Protein chains: 2
Amino acid sequence: MTRPTEHEVLAAVLQIRADSLQVLAWQRALPPDSGRWALPGGRLGDDEDVERSVRRQLAEKVDVREVTHVEQISVFSHPDRVPGPRLIATAFLGLVPSDSDPAVPADTAWHPLTALPPTAFDHAAIVEAAHDRLRAKLSYTNLGFALAPREFTISALRDLYAAALGHPVSATNLQRVLTRRGLLEPTGEVSPPGPAGGRPAALFRFTDRTLRVTDAFAVLRPPSEQLRGAVP
Amino acid sequence: MTRPTEHEVLAAVLQIRADSLQVLAWQRALPPDSGRWALPGGRLGDDEDVERSVRRQLAEKVDVREVTHVEQISVFSHPDRVPGPRLIATAFLGLVPSDSDPAVPADTAWHPLTALPPTAFDHAAIVEAAHDRLRAKLSYTNLGFALAPREFTISALRDLYAAALGHPVSATNLQRVLTRRGLLEPTGEVSPPGPAGGRPAALFRFTDRTLRVTDAFAVLRPPSEQLRGAVP
DNA sequence: TCCTGTTTTCGACTATCAGTCGCAAACAGC
DNA sequence: GCTGTTTGCGACTGATAGTCGAAAACAGGA
């Protein structure tokens, strides 16, 4: 005879807004934790798995077509994580490109991770976990495509990475590394210079807009991967 | 009015046995899927979170003190992943050092990942996910400590990594990389040579037996991390 | 028109690290 | 003592990252 248990999905949807990493949340109007800010989500439906469910629930708060990337993070299952009947949460990370500004309901707003308002339940820990995952994956995957606009300048991309990672990034190294990995390609066009003038910046895009792991670690890499193609 | 839903935990416990990566499973005696092999696990208790639950459930199949590392992998939540009432699974990866041979019940046995017998439900996918996670984490963490004995020779460690990764590993590079990262230290002793003679191998151990992420990626590393200590 | 300030772009230099190779060291067995 | 075997270790090479500085390309004002 077990305690009644429900299952919910929750998403920490992140976007870079004004050079600062922000998360989408809505303000609870009813107890428990009324007035506090909660992540979008809700109960798992009978005919959907957690991946389908989180996309459906997100659609209630934001245009899901703007959410480029959705990824499972972790299960939060403390018996008393919410008052009342037991509720187990599968947490997700969602990413929105910085050039889109999807419409959101009146109770919903973006908040910088560095200045979160009071959050409901254990949602602050979920945001933390999502941020950690983002930082890690930016390093060894092409996940930047999910935060960046379709086309961008190198310095805009540098600012994006710096905001997501929380520390300065070298534009020279960023361009060189992403290029060598085959993730970046020039569009051939240039963006108009800023208000202070300056050389017009070349525009780039990600070659691939689906997640790809790019870093192979040396110790683990097969020695002498394979001979280079014999074509002259 | 939602369909009754239960929550279970499942663990893919991996160990290197005879230079081959193997997984612990038990053979089902009752329908559904009787005769097929299943991962250890079971229903989530009322007063435990998934992490506590998986350790409790594992204790029924193996001495949990031998399971050095337990880590959450992913949620498996397809509505029809098992027949009957809906059952959502949180999957875990467990690791056992290669020098321990824990006692297991009569219905339980180790199976090489390369020659899995017929598996129950979606458990094969869980094993696959656990293997992927292990491969990835061996590369950028000190997770090797959870697979290796307390003390080992470099060539034994090379064989361990090769079995877990599925491809040959250079002993020279492995030692150099792990040493530079500060993960390896010599015990000062040597192991007796093998039956064919040969130079006695020096023994090493991991400096740290708790999980540590060791690789920092260059693009994301703060430029000029910090000045070296001013001590002469 | 020319000069200055600003921003981007790109090449060069250096340090670090990984992949490879080869030899010396240290054992067993004959 | 000789041979075969395994480990240990240094050296070389190529690839990659961190840094710096100069040149290119623009706007605005003198």
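All values derive from a computational prediction rather than experimental measurement. Chain A is the first sequence line, chain B the second, and so forth, proteins listed ahead of strands; every chain is numbered from 1. The basis for the numbers below is simple: all heavy atoms, side chains too, and nothing from hydrogens, waters or symmetry mates.
Comparing B/Thr172 and A/Leu203 against DNA chain C, the residue whose closest nucleotide sits nearer the 5' end is A/Leu203.
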Below 3.5 Å is the cut-off: list the nitrogen or oxygen pairs between protein and nucleotides 13-15 of chain C, distance only.
none

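Residues forming a side-chain hydrogen bond (donor to acceptor under 3.5 Å, both in side chains) with B/Ser53 (at least two apart in sequence, or on another chain): B/Glu48, B/Gln57.
At distances below 3.5 Å, at least one donor-acceptor pair connects side-chain atoms of B/Arg133 with backbone N or O atoms of B/Ile73.
Protein atom CD of A/Gln175 is 12 Å distant from nucleotide atom C1' of C/dG11, rounded to whole Å. The distance between atom CG of A/Leu174 and atom C1' of C/dC10, rounded to the nearest whole Å, is 15 Å. If you measure from atom CD1 of B/Ile154 to atom P of C/dA26, you get 18 Å, rounded to the nearest angstrom. The distance between atom CZ of A/Arg158 and atom P of C/dT9, rounded to the nearest whole Å, is 11 Å. Atom pair A/Tyr140:OH and D/dT16:P shows a separation of 20 Å (rounding to whole Å applied). Separating the CG atom of B/Asn173 from the P atom of D/dA11 is a distance of 17 Å, rounded to the nearest angstrom. Rounded to an integer number of Å, the gap from CZ of B/Phe152 to P of D/dT7 is 14 Å. In this entry the distance linking CD of A/Glu189 with C1' of C/dT8 reads 17 Å, nearest Å.
Taking 4.0 angstrom as the limit, B/Ser170 places none of its side-chain polar atoms (N or O) nearer than this to OP1 or OP2 of C/dG19.
Paired with A/Leu39 under the rule side chain to side chain contact (heavy atoms under 4.5 Å, CB included), one option of A/Asp122, A/Val23, A/Val13 passes, and it is A/Val23.
The nearest pair of heavy atoms linking B/Ser100 to B/Gln15 is O-NE2, 2.6 Å. B/Ala38 and B/His123 get closest at one heavy-atom pair: CA-ND1, 3.5 Å.
The residues B/Lys137 and B/Asp132 are annotated as not salt-bridged, no charged nitrogen and carboxylate oxygen being separated by less than 4.0 angstrom. In summary, B/Arg81 and A/Asp49 do not engage in a salt bridge, as defined by a charged side-chain N under 4.0 Å from a carboxylate O.
Side-chain rings of B/Phe152 and B/Phe145 stay apart, their centers remaining 6.0 Å or farther from each other.
The local environment of CZ in A/Arg52 is sparse, with at most 12 non-hydrogen atoms from other residues, nucleotides or ligands closer than 6.0 Å.
A/Ala171 comes within contact range of no nucleotide atom at all, as no heavy-atom separation falls under 4.0 Å.
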What string of B, S and - do you get for nucleotides 22-30 of chain D, 5' to 3', if B is base contact, S is sugar-phosphate-only contact and - is no contact with any protein heavy atom under 4.0 Å? --BBBS---
